[in-house]
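Below is one structure, written out as structure tokens; comments come after it.
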Amino acid sequence: MKYILIYLSLFFLFVCCQMKSEVVLTDKRIPIPLSSNSLALLSPDSVFDSVTYIPLETTEDNLITNIDKVITTDSLIYILDKKQKEIFVFNVQGKYIKKLDRQGAGGKGYYLNVFDFQIENDLIYLLCTSNKSIMIYNLNFEYLDEIKLNGSFTCFEFFEDYIYLYGDYTQESLNNIFVLKRNNDLYAQYSPFPKQQLGVGYNGYYLAQDSFDCYAYYPYQYNIYKLYPDREEVILQLNFDKDKVYPIELQTASSFDRDKYRMSISPEEWPIEIHGNLVCTSKYYIIPFVYKTLVHSIFYNRENGNVKTGIIFPSKKYPFANQNILPYQKNFIIQTISTEAIDALRTVGKQYLIPEVLQNCSLDDNPILAIYKLK
């Protein structure tokens with residue numbers, strides 16, 4: 001509750017006074033305007049066109065601890081809860097349908113964890129890092145087969161004739177991207193990293209795709225890459241001020257050396273870190289980063305090169321807008337709303353900001369999905 005109240009106080013500060021951070025891209029380099037002395041606040045009204053809320057039905061069988069990824073089909077919503085190692089299924093109105101829960105060491109079809117999942121051609125694919133495999137089920141959650149992997153990976157994408165896997169600095173070959181053919185043969189590996197960075201993973205969704213291409217970005221680098229079956233290409237360079245990023249010699253340093261450097265300076269001086277979920281919609285690249293211990297977001301408009309950046313804070317129209325952005329489809333994104341956030345508005349007498357569809361939500365209910373259409 002303490003942090004939610006702090007968040008609300010910043011919200012009201014934001015409504016009274018906001019700093020606009022917007023530039024236009026002229027080449028691959030995106031200049032990122034960040035003030036050293038004040039917060040860069042990004043109004044959700046400047047990037048969101050509308051919102052639809054889906055309260056998720058709560059039962060004893062489907063208590064969700066965290067929503068890590070969402071995939072929708074024509075009529076169903078699939079939600080990954082990595083902590084519980086389960087995938088929950090709801091209809092588009094939020095009614096609970098079923099869940100996939102095959103965790104354990106019980107043989108074929110059982111897994112020890114789930115880091116990522118994809119749905120393609122009426123099949124569901126689970127990336128099970130500890131099992132070193134991609135397990136395949138039909139949409140009735142009946143186990144069919146698995147793809148054995150030579151190593152542990154933390155996220156993946158199917159694109160055209162290939163499977164792209166992200167190694168998260170754990171592969172002995174010192175490459176982060178592995179590309180498999182659909183017959184499971186290794187086609188290529190690339191995106192090398194120095195040996196001193198081996199072994200410390202960051203556990204984010206660093207791969208993304210749209211209808212045209214597959215993309216990647218990496219912690220402590222300041223580039224966005226387009227992935228090909230045999231190589232990667234820089235398509236955007238995040239051009240932060242030099243005094244706000246890691247010195248060149250630390251951008252390839254071990255996590256120990258970077259942590260040692262951070263401990264030698266104040267949190268207000270910590271270098272910018274690229275962390276979170278890379279999101280590619282039909283219109284935007286959305287790139288999260290941490291600056292002065294706070295999560296910021298970059299919205300790069302792919303059509304006109306317009307760039308907006310800052311800390312997303314709620315507005316009257318979007319009272320629960322936040323930094324946790326998940327991909328959805330086309331020109332939409334998803335955010336999750338905790339019932340604690342709703343209760344916090346009630347506590348401070350701001351019930352009028354709560355949308356009617358959420359008025360009856362209680363603290364014990366599942367999180368709510370907020371589906372935002374982008375401008």
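Residues Gln323 and Ser297 approach most closely at OE1-OG, 3.8 Å, considering heavy atoms. Residues Thr58 and Leu63 come closest through the heavy atom pair CG2-CD2, 3.5 Å. Considering all non-hydrogen atoms of both residues, Lys308 and Leu42 come closest at CB-CD1, 3.9 Å. Between Pro267 and Thr293, the closest heavy-atom pair is CB-CG2, 3.9 Å. Closest approach of Phe153 and Leu127 over heavy atoms only: O-CD2, 3.6 Å. The minimum heavy-atom distance between Pro319 and Pro314, with the atom names listed, is O-CB, 3.1 Å.
Applying the 6.0 Å contact sphere to CD of Gln351 captures more than 12 heavy atoms from other residues, nucleotides or ligands. Shown here is Asp243, whose CG atom has more than 12 heavy atoms of other residues, nucleotides or ligands within 6.0 Å. Atom CG of Asn150 is surrounded by 12 or fewer heavy atoms from other residues, nucleotides or ligands within 6.0 Å.
For Lys226 (side chain) and Asp213 (main-chain N/O), no donor-acceptor pair under 3.5 Å exists by modelled atom type. Between the Glu269 side chain and the Ser266 main chain, a donor and an acceptor come within less than 3.5 Å of each other. Between the Lys283 side chain and the Lys375 main chain, a donor and an acceptor come within less than 3.5 Å of each other. In this structure, Asp168 contributes its side chain and Thr170 its backbone to no donor-acceptor pair below 3.5 Å. A donor-acceptor contact shorter than 3.5 Å is absent between the side chain of Gln171 and the backbone of Gly151. A donor-acceptor pair is defined here as one N or O able to donate and one able to accept, closer than 3.5 Å; such a pair exists between the side chain of Asn322 and the backbone of Phe320. The main-chain N or O of Gln359 is found under 3.5 Å from a side-chain atom of Arg346 such that the two form a donor-acceptor pair.
Residues Leu227 and Tyr215 have side chains not in contact (no heavy-atom distance under 4.5 Å, counting atoms from C-beta outward). Phe299 has its side chain out of reach of Val307: every pair of non-hydrogen atoms, C-beta onward, lies at least 4.5 Å apart. A 4.5 Å side-chain heavy-atom check between Leu326 and Gln335 finds every atom pair outside the cut-off. With a 4.5 Å cut-off on side-chain heavy atoms, Lys330 and Lys373 do not count as touching. By the 4.5 Å heavy-atom criterion applied to side chains, Pro271 and Lys244 are not counted as neighbours.
Note that the CD1 atom of Ile77 and the CD1 atom of Ile334 stand 7.0 Å from one another [nearest 0.5 Å]. Once rounded to the nearest 0.5 Å, the distance linking SG of Cys128 with NZ of Lys85 reads 11.0 Å. Here Ile177 contributes atom CD1 and Leu165 contributes atom CG; the two are 8.5 Å apart, rounded to the nearest 0.5 Å. The structure places CG of Asn331 at 7.0 Å from OH of Tyr284, a figure rounded to the nearest 0.5 Å. The distance from atom CG of Asp365 to atom CD1 of Ile64, rounded to the nearest 0.5 Å, is 11.0 Å. The line from CG of Asn366 to CD1 of Ile79 is 8.0 Å long, rounded to the nearest 0.5 Å.
Residues forming a side chain to side chain donor-acceptor pair (under 3.5 Å) with Asp257 (at least two apart in sequence, or on another chain): Ser254. Applying the side chain to side chain donor-acceptor pair (under 3.5 Å) criterion to Lys292, with sequence neighbours excluded, gives no partner residue. In this view, Lys82 satisfies the salt bridge (Lys or Arg N to Asp or Glu O under 4.0 Å) rule with no residue, not counting sequence neighbours. Checked against salt bridge (Lys or Arg N to Asp or Glu O under 4.0 Å), Asp49 has no partners two or more places apart in sequence or in another chain. Annotation: side-chain contact (heavy atoms from CB on, under 4.5 Å) contacts of Leu112 (sequence neighbours excluded): Ser130, Asn131.
Using cut-offs of 30° and 60° on the angle between ring planes, the pair Phe289 and His296 is parallel. Ring geometry for Tyr143 against Tyr137 counts as perpendicular: the plane angle is over 60°, on a 0 to 90° scale with 30° as the lower cut.
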Contacts under 3.5 angstrom, residues 180-195 side chains, donor-acceptor by atom type, not counting sequence neighbours:
| from | atom 1 | to | atom 2 | distance (Å) |
| --- | --- | --- | --- | --- |
| Arg182 | NH1 | Glu120 | OE1 | 2.8 |
| Arg182 | NH2 | Glu120 | OE2 | 3.3 |
| Arg182 | NH2 | Glu160 | O | 3.0 |
| Asn183 | OD1 | Asp185 | N | 3.0 |
| Asn183 | ND2 | Asp185 | OD2 | 3.2 |
| Gln189 | OE1 | Ser173 | OG | 2.6 |
| Gln189 | OE1 | Asn175 | ND2 | 3.2 |
| Tyr190 | OH | Tyr228 | O | 2.6 |
| Tyr190 | OH | Arg231 | O | 3.2 |
| Ser191 | OG | Tyr218 | OH | 3.1 |
| Ser191 | OG | Glu232 | OE2 | 3.3 |

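For Lys316 and Asp45, the salt-bridge test fails: no basic side-chain N is under 4.0 Å from an acidic carboxylate O. Comment: Lys99 engages Asp61 in a salt bridge, judged by a side-chain N to carboxylate O separation of less than 4.0 angstrom.
No chain of hydrophobic side-chain contacts below 4.5 Å, direct or via other Ile, Leu, Val, Met, Phe, Trp or Tyr residues, connects Phe159 to Tyr328. Linking ILVMFWY residues whenever their side-chain heavy atoms come closer than 4.5 Å, directly or via other members, places Leu294 and Leu41 in the same cluster. Transitive grouping of hydrophobic side chains (ILVMFWY, heavy atoms separated by less than 4.5 Å) keeps Leu126 and Ile134 in distinct clusters. Ile136 and Ile87 end up in different hydrophobic clusters when Ile, Leu, Val, Met, Phe, Trp and Tyr side chains are linked at under 4.5 Å. In the hydrophobic cluster analysis, where Ile, Leu, Val, Met, Phe, Trp and Tyr join through side-chain heavy atoms closer than 4.5 angstrom, Tyr96 is grouped together with Ile67.
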**Request:** List the steps and the verdict of side-chain hydrogen bond (donor to acceptor under 3.5 Å, both in side chains) for His275 and Tyr217.
**Result:** CA-CA 9 Å; His275 265 313; Tyr217 78 152; over 6 Å; no

**Message:** Could you walk me through whether Glu157 and Tyr162 satisfy the side-chain hydrogen bond (donor to acceptor under 3.5 Å, both in side chains) test, starting with their C-alpha distance in whole Å, then the side-chain angles of each, then the deciding distance to 0.1 Å, before giving a yes or no?
**Reply:** CA-CA 8 Å; Glu157 293 285 348; Tyr162 300 94; over 6 Å; no

**Message:** Apply ring pair (Phe, Tyr, Trp, His ring centres under 6.0 Å) to residues Tyr125 and Phe158 and explain how you reach the verdict.
**Reply:** CA-CA 10 Å; Tyr125 297 80; Phe158 289 133; 4.7 Å; yes

**Request:** Any chance you could lay out the ring pair (Phe, Tyr, Trp, His ring centres under 6.0 Å) test for Tyr169 and Tyr202, step after step, and finish with the verdict?
**Result:** CA-CA 8 Å; Tyr169 298 88; Tyr202 300 92; 5.6 Å; yes

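Seen from the ring of Phe90, Lys95 does not count as a face-on cation partner, given the 6.0 Å and 45° thresholds. Both the sub-6.0 Å distance and the 45° axial angle are satisfied by Lys69 relative to the ring of Phe117.
When ring centroids are compared, Phe156 and Tyr164 stay outside the 6.0 Å threshold. Ring to ring, Tyr222 and Phe240 are close: their centroids are under 6.0 angstrom apart. Between Tyr318 and Tyr372, the distance separating the two ring centers is shorter than 6.0 angstrom.
With hydrogens and angles left out, the side-chain atoms of Asn304 and Asn306 include no donor and acceptor closer than 3.5 Å.
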